[in-house]
Structures are given as C-alpha cells and as structure tokens.
Amino acid sequence: MSGKIILPNGNKFDPSLAERAKTFINMLKHTKGEWYGKNFELLPWQEKIITEIFGTVKENGYRQYNTAYIEIPKKQGKSELAAAVALYLLAGDGEWGAEVYGCAADRQQASIVFDVACQMVEQCPALKKRIKPIMSQKRLVYMPLNSFYQVLSAESYTKHGLNVHGVVFDELHAQPNRALYDVMTHGSGDARKQPLFFLITTAGTDRNSICWEVHNKAKDILEGRKKDRSFYPVIYGAEDNDDWGDPKVWYKANPSLGTTVDIDKLFVAYESAKENPAEENLFRQLRLNQWVKQSVRWMPMDAWDKCDFAVDPNELLGRECYGGLDLSSSIDITAFVLVFPPRNEGEKYIILPYFWIPEDTIELRVRRDHVPYDEWLAKKQVFATEGNVIHYDFIEKFIEDLGTKYNIKEIAFDRWGAVQMTQNLEGMGFTVVPFGQGFKDMSPPTKELMKLVLEEKIAHGGNVPLRWMMDNVFVRTDPAGNVKMDKEKSTERIDGAVATVMALDRAIRNKDADSVYNERGIFVI
C-alpha cells in the first residue's frame, strides 16, 4: 500500500487503516452511567491500542498482529473497548462472512461484552439498519457481509470447525482450563487473511492457568526476552515491589484514572484494604492489576485480641442464640459455636464456642501437631470423647443439655457428613438449617464477621482454641471479590471459625427489624 510508513522498530504502518478503525469506534456511543449516549471518544491509551493493532501491517498489507493481549485493572472501560472491537471486526473490517466470537468463562460473563455491543448498535442508526439481533442465540448478524458476532463460553465444548475472523476473550484469567482458548486460537483462523484474537482481562490468581501463561509471554515480549511479530502485548499494572499505597502507582496502573475511575473512590478502597489482608489482595489484583495469591491469611489478630471482652456463660442463661455446627471426620475436631445477638445498641455479639476431640489421640496430636490440646482439655476449653474417634452421640447429648440452658433458635450445619446428627437434633426439637460452604453462602457472613471484629462489636472471651483457629484461616477469593474460608489452604484447623461464621449468619438474618442486614443489606467489600 502506498500509504505505508516504516516505523523505527521496523514495523510497517498504514495510517489509513488505523484511522478507519478509530473513526468507526468514535461513531459508537457509550452505554453506561454518566457516559451513556456520548460518543466513544477513545482515551489516549485506548487510541494507542486501536491505532497500533489495526494500523500495523505486513508486506502484503494485512494486519501484522493476530493476537492482542490487554491486561488492565477493573473499571477502565474494558467492556466498552472490547464491544467496540467486536463490532468493528463484524461490520467495519470488510471481511465477507466474518465469524466473530465473544468468549468468557461462562455464558453470563461472555454476555457482558455482547450486551454492551447490542446497546451500541441500538444507539447507532447506520448499524441498527444493517445488524439483525437474534437475542435467543446471543448473536448479531451484519447483513451486508453476511457476518455474525456470537457468544460462546467455556461451558460448550464443541467449537472445532469454526472459521474464525475474530475472537474477543473477556476475563481470560477466569477460564477454568485452557480448552476453550486452545480451540478458539489454534488453527481456527487459518482460512482468514487477518484474524484477530483480542484478549482482555484483569490480573488473576492462578499461576497454573492459561492466562498466566499468556501473561508471561506478554511480559517476555515487552521486556525483550522473546520476539513474536504477530503478538501485541499491553499490561497496565503495578510492579511487585511498588508501594501499593502511592497514588503515583495508582495512576501508572490505571490509565483511565480521573476519567472512568474517580481517585477518591480508589482512596476509599485503599483505606479499607489497609485494615484487612483479604481486601489488600483484592485491591492489588483488581485495582492495581497485580497477580496475587488466591488465598491469603485473613484475620488481623491484633483486632481479634481487642475483642477479648469477658464472657460469662451464666449471664447468658435463657438468652436467645444461634448455633453453627462444623462436624469433622471421626478423627478430627468437631466445633459447635453459639452466637448471642445484641439486644440493644450497647451490646455486642457474644461468641460461646465448644470443641471436641477423641481422647485417645490427644497425646499423639500434641507431639505431632505441636498444639497444646492437653492444656486446653485441662482448662475445659476443649472436651474429649472416649476412644480414638469422635462419639457423635456424646456431642448430641451435650447440645441437648445446652438447649435447656440457652434459647437456641436455629443450628446451621455443613451438609457434608452431618445427616444423621442433624436428624437426631431435629428429633430433640432443634431447628436445623443446612448451610452451603461455597462463596454464595459463606461470603456475606465472613465479611460481616471481619467488619464486626474491626468495630469491636464481637465479644469472644479470649477463648484460646478459637483464637488459634482464627489465626489459621486463609480465605479464597473469586473473580467477583467474594470470599470464603479455605480449609485446603489453611494449614491447621479452622473448624471453630467456620462454625462461628455459620452461627453469625443465622443470628444476623433472624435478628429483629433493626438487623444490620435489613438496614443496609449484607456488608459487601
């Protein structure tokens, strides 16, 4: 092409192709919040990406870059840019019969960019006349070129045989395995002159994932350790040794800071994260685009120790309370925790924990685990059941006796392995409630417990085994920022912490009309 320019790095650049892509995108309109209905004026970092991807060409005039990897923190306008690229590949690239696919970890995630694209089409009369939406199939058909943009997800496994012109991969870090990525990128575009695989994601946590593999390739190319003229890498993020509290680092990692992201909101998130190790990891991952470990030690023990307010079981007689039962295997610790909700603004949530271990294994555990079970037993901070396995009938009778002292309204339990005991407890007149151990059920009360501890609205009486278990807790986070206690990552027992979270959830949900859940909803970080 006569308009090509030779760049200092040896690449060839066609300004007309770059301008064509920019002009197409600038004619689209934003779809969210205060930006809704405004023209999509590319921000400098976005314009650089579009210019270089679509303007850099090979000798034959076709695009040089077949893969673009864009790693960037949340709230930078990622979905809008991805939707604009998908629409350009569909309708602006001049490819007859183009097949453009939107991919993500699941159909719901893959639909986010698709839905943005649909709203962009709706606001653009020229596209609206030419694009037919088939919403039941999550498909947009560009009729002049008989092209389509179609949502796929990792939940579908029959993708071979596709004739791909473009793939927009959203949140690559959330892919459960590499299967979908391999099918969509290896050979699927061989019949096209200039296919584009547009990968856009925030940093992840799994360093055994396909996203980590692609991230490392991008880093190697950016830092000159590898060369791949078909691969376009962009990574916005803080370095591991950067000061995560320095606003200069925030600006470096967030190219849209001050435009799509308000720095005051980032500061509020930072202040909250300083108080909570789990939040710190989320801040680093989602706000600064750092690859962090998925599990992180959770409870700040100095804050937990400040909640060492005296607890007298006798003063609680007759009080309404809620139980959490974490039933171990027959050779481990079983935990039962009662949580007494406050009766007025001046009171705290009171925690009363009970633990059981098999009597015959105590000495072995002390030697093997270096945990002072014998001292705890002597102080009646744990109880022993006869033999070398837990006797559940002993625990059932113990809980039955507690029911004569305290008004136990409900007992939440982990469904796993607790069927018989819960049936027996029901036979004693208790109301038992199954409690899921996934993110959905565990995240709200886990975050609420942290908040109450930080506000010193918990009284745990300094129970030593419970403190040990709280200090053992590691939490796992999902891409949405939900958390749950992770027994696999926690190197020691956390049964009491899990039981506390379950009991606290029931106490809060069943509290009267002034419940914090009712007033402001479940606390979300």
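All values derive from a computational prediction rather than experimental measurement.
By the 4.5 Å heavy-atom criterion applied to side chains, Asn463 and Ile351 are not counted as neighbours. Side-chain contact between Arg284 and Glu280 is present, with heavy atoms from C-beta onward closer than 4.5 Å. With a 4.5 Å cut-off on side-chain heavy atoms, Val473 and Met299 do not count as touching. The closest side-chain heavy-atom distance from Leu316 to Cys321 is not below 4.5 Å. Looking only at side-chain heavy atoms (C-beta outward), Gln437 and Val498 come within less than 4.5 Å of each other. Between Met184 and Leu152, the closest side-chain pair of non-hydrogen atoms falls below 4.5 Å. Val214 places a side-chain heavy atom less than 4.5 Å from the side chain of Phe231. With contacts defined as side-chain heavy-atom distances shorter than 4.5 Å, the pair Trp376/Phe355 does not qualify.
When every heavy atom of Ala110 is checked against every heavy atom of Cys103, the shortest pair comes out as CB-C, 4.2 Å. Among all heavy-atom pairs drawn from Trp468 and Ile333, the shortest one is CZ3-CD1, 4.3 Å. Here the shortest heavy-atom pairing between Leu325 and Ile411 reads CB-CG2, 4.1 Å. Across every non-hydrogen atom of Cys307 and Ile458, the tightest pair is CB-O, 3.1 Å. Scanning both residues, Tyr322 and Ala507, for their nearest heavy atoms gives CD1-CA, 3.4 Å. Among all heavy-atom pairs drawn from Tyr373 and Val382, the shortest one is O-CG2, 4.0 Å.
Checked against side-chain contact (heavy atoms from CB on, under 4.5 Å), Lys457 has the following partners two or more places apart in sequence or in another chain: Leu452, Glu455. Lys405 meets the side-chain contact (heavy atoms from CB on, under 4.5 Å) test with Leu317, Asp401; sequence neighbours excluded. Residues passing the side-chain contact (heavy atoms from CB on, under 4.5 Å) test with Ala83, sequence neighbours excluded: Val113, Val116, Ala117, Met120. Remark: Trp45 engages Ser256 in a side-chain hydrogen bond (donor to acceptor under 3.5 Å, both in side chains) (not counting sequence neighbours). Partners of Asn407 under the side-chain contact (heavy atoms from CB on, under 4.5 Å) rule, at least two apart in sequence or in another chain, are Glu320, Lys409.
Contact check on Asp441 versus Lys484 returns no salt bridge, with no Lys/Arg side-chain nitrogen under 4.0 Å from an Asp/Glu carboxylate oxygen. Remark: Glu213 does not engage Lys217 in a salt bridge, criterion side-chain N to carboxylate O under 4.0 Å. Ion pairing of Asp242 with Lys248 is absent here, as no side-chain N (NZ or NE/NH1/NH2) approaches a carboxylate O to less than 4.0 Å.
In this structure, the separation between OG1 on Thr201 and CG on Leu172 is 5.5 Å, given to the nearest 0.5 Å. The NZ atom of Lys78 sits 7.5 Å away from the CD1 atom of Ile112 when rounded to the nearest 0.5 Å. Taking CD of Glu315 as the reference point, atom CZ of Phe340 lies at 11.5 Å (rounded to 0.5 Å). Between atom OH of residue Tyr392 and atom CG of residue Leu327 there is a gap of 4.5 Å, rounded to the nearest 0.5 Å. The distance from the CG atom of Asn472 to the CE atom of Met469 is 8.0 Å, given to the nearest 0.5 Å. One finds the CG atom of Leu352 at 10.5 Å from the OG1 atom of Thr500 (value rounded to the nearest 0.5 Å).
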Pair up each side-chain donor or acceptor in residues 259-271 with any protein partner under 3.5 Å, not counting sequence neighbours, and list the distances.
from	atom 1	to	atom 2	distance (Å)
Thr260	OG1	Lys75	O	2.8
Glu271	OE2	Lys274	NZ	3.3

Intermediate values then yes/no, side-chain contact (heavy atoms from CB on, under 4.5 Å), Arg287 and Trp244: CA-CA 10 Å; Arg287 301 287 191 171; Trp244 67 285; over 6 Å; no
Verdict with reasoning, Gln285 to Thr202, per side-chain hydrogen bond (donor to acceptor under 3.5 Å, both in side chains): CA-CA 8 Å; Gln285 178 196 352; Thr202 52; 5.1 Å; no
Does the side-chain contact (heavy atoms from CB on, under 4.5 Å) test come out yes or no for Tyr236 and Gln76, once each step is laid out? CA-CA 10 Å; Tyr236 283 98; Gln76 303 299 303; over 6 Å; no
Go through the steps to decide whether Gln175 and Phe169 satisfy the test side-chain contact (heavy atoms from CB on, under 4.5 Å), and finish with yes or no. CA-CA 10 Å; Gln175 282 296 303; Phe169 238 116; 3.5 Å; yes
As a quick check of understanding, evaluate side-chain contact (heavy atoms from CB on, under 4.5 Å) for Met442 and Val483, giving each step before the final call. CA-CA 7 Å; Met442 291 297 290; Val483 300; over 6 Å; no
Please test His173 against Ser209 for side-chain hydrogen bond (donor to acceptor under 3.5 Å, both in side chains), starting from the C-alpha separation and ending with a verdict. CA-CA 7 Å; His173 77 91; Ser209 65; over 6 Å; no
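Note: Trp304 and His460 have parallel aromatic rings, judged against thresholds of 30 and 60 degrees for the angle between ring planes. Using cut-offs of 30° and 60° on the angle between ring planes, the pair Trp291 and His215 is tilted.
With a 6.0 Å radius and a threshold of 12 heavy atoms from other residues, nucleotides or ligands, Phe309 has its CZ atom above the threshold. No more than 12 heavy atoms of other residues, nucleotides or ligands shown are found within 6.0 angstrom of CD on Glu386.
At distances below 3.5 Å, not a single donor-acceptor pair connects side-chain atoms of Asn482 with backbone N or O atoms of Asp478. Checking side-chain atoms of Gln109 against main-chain N and O of Ala105 turns up no donor-acceptor pair under 3.5 Å. Judged purely by atom type and a 3.5 angstrom limit, Glu80 has no side-chain atom pairing as donor or acceptor with the backbone of Gly77. The backbone N or O of Gly258 sits nowhere less than 3.5 Å from a side-chain atom of Tyr251 that would complete a donor-acceptor pair.
For Phe383 and Phe394, the ring centers sit 6.0 Å or farther from each other.
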